[in-house]
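Presented below is the structure to which this report refers.
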Amino acid sequence: MAEHASGTSARRVTAAQLLHCARTGLQGSNRAAFLVVALNRSDRLAALAQSVSARLMLSQISARIESVLRAEDRYAIASHDEVWVLLSGAASAGHAELAGGTLRAGLSRAYQVELAQQGQARMFCRPVIGGLSFVAAECPPELDLVAAATDACLRAACTDSQVQIDVARGKAARLDRARIEVELRAALKGNALEVHLQPQIDLIDGGCVGAEALVRWPHPEGGMIDPALIAEIAEQRGMIGDLTQFVLNTVLRHLMSWSALEIAPKVSINLSSVTLSDPTYPSFIRDALDTWGVAPDRLTFELTEGLIVRDETSAQHFMRELRDLGCRIALDDFGIGYTSFAYLRQFPLDELKIDQSFVRGVGTDRASRRIVQAQIDVAHAFELRALAEGVEDAQVVNWLRNARCDSAQGYHYARAMHPDAFLGWYRAFNRQDEAQPALVTR
Ligand code: C2E
Ligand code: MG
Ligand code: MG
């Protein structure tokens, strides 16, 4: 069957319009990503670039891009061999990487084209994708954006996945990456990093049950440095072990100091792939729990689906060891790409954290509501708790309660805050003893 773009889509814009949209058309504090897709169309086709069939192939390329992008995303055919994409709602570099991988897979399938002399022929692209994930309100200038994504694209060509997404330095733009790397090492040694806590609310009884630990680095010149960038640099530069150790010890110190509370909060910690492949890490956690005298079930470890698929065997082994210790395990950013029912059966999980990109749409979008409801039902079918991330308003809270979601986290309740502030917030919130709103009809 003929494959071509169905008419002119609002998603396809000119390169200039796309850059303008990146600079001025994005909303608030959410993240977005700009991708440069080098198509690498087969040589033969490049030679025929002016022919009718080459144009036909471009229309097939457009159709495939259209089928991957969301309504709010934009793309531009920047040249006969390069496409630019603006992912308006890519909540993290990980989301952009997954979208890039899906785009690449779609574009790599063979194209049927009609050649003037030889008739039907199969053509190929070997796409390489580079991108920059940035906070929407802090989009770099146009030229910097294109240069950064092009640079990532060049490096992507040397990777197995052929997709490389970098994280913009945001307000720390004045600091170059090399300096951040050097200073991060010193900051880790000198205790200049902080761990902030974002409350997690039980939607059934309305109380705050715990928090997620998120790293913060208030840099004297660069403002608050993006945590995703800290984690990325720490992982690439062999500092992730020290970072995780710092977060773990800070969290355990607070958990110990709160153990006299009648109902003490639980805390979850994000793990990275490097930690997952370190066989000594579970015993390190056990020693840390012993040192601080904290009950293991007050600690949850968050792993993303992407981390698990990188090395399923080590991940499974690692998770079983954490479980044997008595700690809880949550699957973070659930649903953004690798979800397989096999994982839910195979891995010892306690909680699914439904990714904020789905939760955000619940207030306005029927498809998002269906997806989130299905995710909650899947969690319950596997006897796991469902936690919705990125809850930003009361309407979403009501809908989630009605959908039987177990817990929620998001700006509607609070942003991540310093642990001392968190304790006061936790006490005040749980004292409110608020009557739960009646279930609303969907
Ligand atoms: P994550 O683990 O999925 O953390 C949730 C992110 O969503 C946090 O961003 C949080 O501030 C943000 N968030 C929470 N509620 C809302 C909301 O209602 N609306 C919006 N728009 N965003 C919300 P943050 O702190 O910037 O962290 C980003 C990512 O950096 C984290 O994603 C995690 O992958 C990584 N990260 C943060 N701290 C650590 C750490 O200590 N270790 C490791 N390995 N990674 C970390
Ligand atoms: Mg997390
Ligand atoms: Mg998450």
Side-chain angles (χ1 to χ4, degrees), residues 26-32 88-98 133-138 167-168 170-171 184 187-188 193-201 210-218 223-236 239-251 267-276 278 281 300-307 329-337 351-363 387-394 396-397 400 407-417:
L26 299 169
Q27 299 294 313
S29 63
N30 294 332
R31 298 192 77 90
S88 303
S92 68
H95 289 71
E97 194 180 327
L98 286 167
S133 160
F134 55 92
V135 174
E138 296 170 12
V167 179
K171 284 187 181 141
L184 179 57
L188 266 167
L193 298 191
E194 294 175 3
V195 174
H196 285 200
L197 299 173
Q198 184 177 33
Q200 296 178 331
I201 311 302
E212 175 173 6
L214 294 161
V215 71
R216 295 289 181 262
W217 182 12
M224 195 64 88
I225 305 218
D226 189 331
L229 179 67
I230 299 173
E232 182 193 292
I233 291 182
E235 192 150 327
Q236 286 171 0
M239 291 181 263
I240 195 72
D242 289 345
L243 175 68
T244 315
Q245 183 172 348
F246 163 75
V247 174
L248 179 68
N249 278 320
T250 309
V251 164
V267 176
S268 63
I269 288 177
N270 292 283
L271 286 184
S272 83
S273 60
V274 176
T275 321
L276 228 64
D278 176 355
Y281 203 72
T300 300
F301 290 96
E302 297 191 6
L303 298 115
T304 59
E305 295 171 79
L307 289 189
I329 301 175
L331 191 57
D332 202 359
D333 305 343
F334 178 60
I336 63 167
E351 184 171 78
L352 295 187
K353 295 191 76 178
I354 301 172
D355 190 66
Q356 47 181 283
S357 56
F358 302 109
V359 175
R360 223 177 280 140
V362 150
L387 183 149
E389 293 190 279
V391 173
E392 293 189 351
D393 59 60
V396 173
V397 172
L400 288 167
S407 33
Q409 172 182 346
Y411 296 168
H412 171 65
Y413 296 106
R415 291 181 184 243
M417 58 190 107

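Order of appearance sets the numbers: ligands from 1, and atoms from 1 within every ligand. Positions are given from 1 along the sequence.
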### Query
For S92 and R31, which heavy atoms make the closest approach, and how far apart are they?
CA-CD, 3.9 Å

### Message
Is any side-chain heavy atom of D226 closer than 4.5 Å to one of F134?
### Response
no

### Query
What N, O or S atom of E302 is found closest to the Mg ion (ligand 2)?
OE1

### Query
Side chains of E389 and D332: does their closest heavy-atom pair fall under 4.5 Å?
yes

### Message
Give the atom numbers and elements of ligand 1 that come within less than 4.0 Å of a heavy atom of A231.
### Response
45 (N)

### Query
In ligand 1, which numbered atoms sit nearer than 4.0 Å to a non-hydrogen atom of N30?
21 (N)

### Task
Would you mind telling me if ligand 1 is within reach of the side chain of R415, the backbone, both or neither, using heavy atoms under 4.0 Å?
neither

### Query
Under 2.8 Å from the Mg ion (ligand 2), is there an N/O/S atom belonging to D333?
no

### Task
Would you mind telling me if ligand 1 is within reach of the side chain of Q198, the backbone, both or neither, using heavy atoms under 4.0 Å?
side chain

### Query
Taking C-beta and beyond as the side chain, do R216 and I230 meet within less than 4.5 Å on heavy atoms?
no

### Query
Hey, is ligand 1 close enough to Q409 that some N/O pair sits below 3.5 Å?
no

### Query
Between the candidates V359, L214, V135, which shows the shortest non-hydrogen contact distance to atom 4 (O) of ligand 1?
L214

### Query
Is it the side chain, the backbone, both or neither of E389 that has a heavy atom closer than 4.0 Å to ligand 1?
side chain

### Task
Show which atoms of ligand 1 fall inside a sub-4.0 Å distance from at least one heavy-atom site of G410.
15 (N), 18 (O)

#### Entry: Side-chain heavy atoms of N270 within contact of T304, under 4.5 Å
no

### Query
Looking only at N/O atoms, are N270 and ligand 1 under 3.5 Å apart anywhere?
yes

### Message
Need one value: angle at the Mg ion (ligand 2), N270 atom OD1 versus E212 atom OE2, rounded to 10 degrees.
### Response
90°

## Note on the structure
ligand 1 to Q356, heavy atom cutoff 4.0 Å, flagged ligand atoms 6 (C), 7 (O), 12 (C), 13 (N), 20 (C), 21 (N), 22 (N), 23 (C)

### Query
Under 4.0 Å from any heavy atom of R360, which atoms of ligand 1 are there?
21 (N)

### Query
Is the closest heavy atom of A416 to ligand 1 under 4.0 Å?
no

### Within reach of ligand 1, part of R216 (heavy-atom separation under 4.0 Å)
side chain

### Task
Hey, could you give me the CG/CH2 distance between L184 and W217, rounded to the nearest 0.5 Å?
5.0 Å

#### Entry: Side chain, backbone, both or neither: the part of I230 lying under 4.0 Å from ligand 1 by heavy atom
neither

#### Entry: Flag side-chain contact, heavy atom, 4.5 Å: Q245 against D242
yes

### Query
Do F301 and L248 come close enough that some side-chain heavy atom pair is under 4.5 Å?
yes

### Message
Any non-hydrogen side-chain atom of S272 less than 4.5 Å from a side-chain atom of I240?
### Response
yes

#### Entry: Residue of the set E212, E351, Q198 for which side-chain contact (heavy atoms from CB on, under 4.5 Å) holds with S268
E212

### N, O or S atom of T304 closer to the Mg ion (ligand 2) than 2.8 Å
no

#### Entry: Which of the ligand 1 atoms, numbered from 1, are nearer than 4.0 Å to a heavy atom of V247
41 (O)

### Task
Under the side chain to side chain contact (heavy atoms under 4.5 Å, CB included) rule, what do I201 and H412 come out as? Steps first, then yes or no, please.
CA-CA 11 Å; I201 311 302; H412 171 65; over 6 Å; no

### Task
Show the numbers, then the answer: is there a side chain to side chain contact (heavy atoms under 4.5 Å, CB included) between L193 and L243?
CA-CA 9 Å; L193 298 191; L243 175 68; 3.6 Å; yes

### Task
May I ask you to check whether E389 brings an N, O or S atom to under 2.8 Å from the Mg ion (ligand 3)?
yes

### Query
Going by heavy atoms in the side chains, are E305 and L331 under 4.5 Å from each other?
yes

### Query
Looking at ligand 1, does any of its N/O atoms fall within less than 3.5 Å of an N/O of Y411?
yes

### Query
Do any of the N/O/S atoms of D332, backbone or side chain, fall under 2.8 Å from the Mg ion (ligand 3)?
yes

### Task
Mind checking the CG-CG spacing from D333 to L352? Nearest 0.5 Å is all I need.
12.0 Å

### Query
Heavy atoms only: which of A414, A228, A330 is nearest to atom 30 (O) of ligand 1?
A228

### Task
Using a strict cut-off of 4.0 Å, indicate which atoms of ligand 1 neighbour a heavy atom of E392.
17 (C), 18 (O), 19 (N), 20 (C), 21 (N)

#### Entry: Polar atom proximity, I240 to ligand 1 (N or O, under 3.5 Å)
no

#### Entry: Side-chain donor-acceptor contact under 3.5 Å, Q409 with Q200
yes

### Query
Are any of the N or O atoms of D332 closer than 3.5 Å to those of ligand 1?
yes

### Message
Only heavy atoms of D333, strictly under 4.0 Å: list the atoms of ligand 1 that pass.
### Response
3 (O)

### Query
Say you draw a straight line from NE2 of H196 to CZ of R415; how long is it, rounded to the nearest 0.5 Å?
13.5 Å

